[in-house]
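Atoms within each ligand, like the ligands themselves, are counted from 1 in listed order. As the structure is a computational prediction, the values presented were derived from the model and not from experiment. Excluded from the calculations below are hydrogen atoms, water molecules and symmetry mates; all remaining heavy atoms, backbone and side chain alike, are included.
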Amino acid sequence: MESCITPACQSARDIFHELEEHYDEHNLYFQTIGSVLEAADALKVPHRLKLILTQPKNEIMIHFPVQMDDGSWQLFKGYRVQHNNVLGPYKGGIRFHPEVKLDEVKTLSLLMTMKCALARLPYGGAKGALRVDPRSLSPHELQKVTRRLTAALGSNIGPDHDIPAPDVGTNAQIMAWMADTYINFSDSSKKTTALGVVTGKPLEFGGSEGREKATGQGLVYVLDALLPGMQMDIGQLTYSLIGYGNVGSWTARLLKDRGSKLLTVMDHTGAIYNADGIDADALAEHVRATGGVAQFKDAEAISNENFYSTQVDLFIPAALEQMVDLEHAEHMSCKVLVEAANAPTTPRAERYLLDKGVQILPAILCNSGGVTVSYFEWKQNRQSETWDAEDIDARLKKIMTAAAKRVLETAERLDCNMRVASYASAIEHIDKVYKVRGVFP
Ligand code: GLU
């Protein structure tokens, strides 16, 4: 169990007392808002901004019934949390997972506010989730559930209001069904712009070049911007990876092109290792065919303990939240932790690693390539334009490089670690916008 002994925890505790809200030090939302408030304190922003950021604007919870293929009925539970929209429409993914909880969705919506602000995108932050294991549904059931979810969300989403996108357990096909359902419900004068209600759509139906690989590509651009300053060469390094879904597999394929060596991978099916390097494309093929990394023929199976203790330059968690806890951190042997997933490191693991001299590249910087190309998709939809892959890559590189520089510059100016710096840079921007806009009424 993690205990509360840091300035981050103290800031969160104070504000929860003020709001007369119950808090639990082990809760992910409490821990995350704590880090955000620590950054706000470092900047000495007005107290009202801390109050505004501490709770999301809207927490929407829905239930809807769907008849399954065998004739039985199931009731589904869904959430959409809209954290903040001072910079523009709410933006963020929607995940399908059997164990989602409201506080997890709240945390992810807060991180989206920070992520969009750090990248200086004209968006606020939101996140959605449906409690379901998508692998347990037939394609027909999946489509019905997705369409019914979209209808249940109704006017809570929209291209000028709140724009979902893929996340864990959702993909381009699910986005296509969401967009089609929304367009069918929308006014005839708004059908063209209605396409922009979700991003991450298939290329042939309003999607963008480069959206599928965007999170991995953005991460590689962040490494390009930051590794030279750490005396590391992307073409010479070794790394390990947790998760081989969209983000993990694209990161691995793009790092292969750059000459980095993937030594070990772990997912829900097990862990594998090859001292000569694992071929990222062959592994992607294997995962597509079998559903996981286990039994990949060009690597040996290793225990989870050996996975964590493998000596590497970069350790890249690209799966769910809180996968790296203190126990794992104590076994880890890496120079840099690169957070490809959202909130993958517990506060105690983070403290331990920072004390040991491990650099942590924070998630809101490392994985913001996804929402950045979502922004490009939304812009193309609004202007009925199609940008080519080179154009997308060049624009993405520019935004990722600028965000990485912003984090470095803020860390230096405030003399803090990169996580606090990434939040501080985001909050600084939000603060300026609140100052010019004012707070209604
Ligand atoms: N789900 C992704 C994230 O967590 C993408 C969000 C988006 O494209 O809106 O950043």
From CG (Leu365) to CZ (Arg406), nearest 0.5 Å:
10.0 Å

Would you please indicate if the ring centroids of Tyr90 and His161 are separated by under 6.0 Å?
yes

Where do Asp103 and Tyr29 come nearest, in terms of heavy atoms and distance?
O-CB, 4.0 Å

Asp224: what forms a salt bridge (Lys or Arg N to Asp or Glu O under 4.0 Å) with it, not counting sequence neighbours?
Arg258

For Asn417, the side chain to side chain donor-acceptor pair (under 3.5 Å) test, sequence neighbours excluded, returns none

Residues that Phe64 engages under ring pair (Phe, Tyr, Trp, His ring centres under 6.0 Å), provided they are two or more places apart
Phe76

Protein neighbours of ligand 1 with a heavy atom under 4.0 Å, given by chain and number, are Lys91, Gly92, Gly93, Met112, Lys115, Lys127, Ala165, Pro166, Asp167, Arg211, Asn342, Gly370, Val371, Ser374

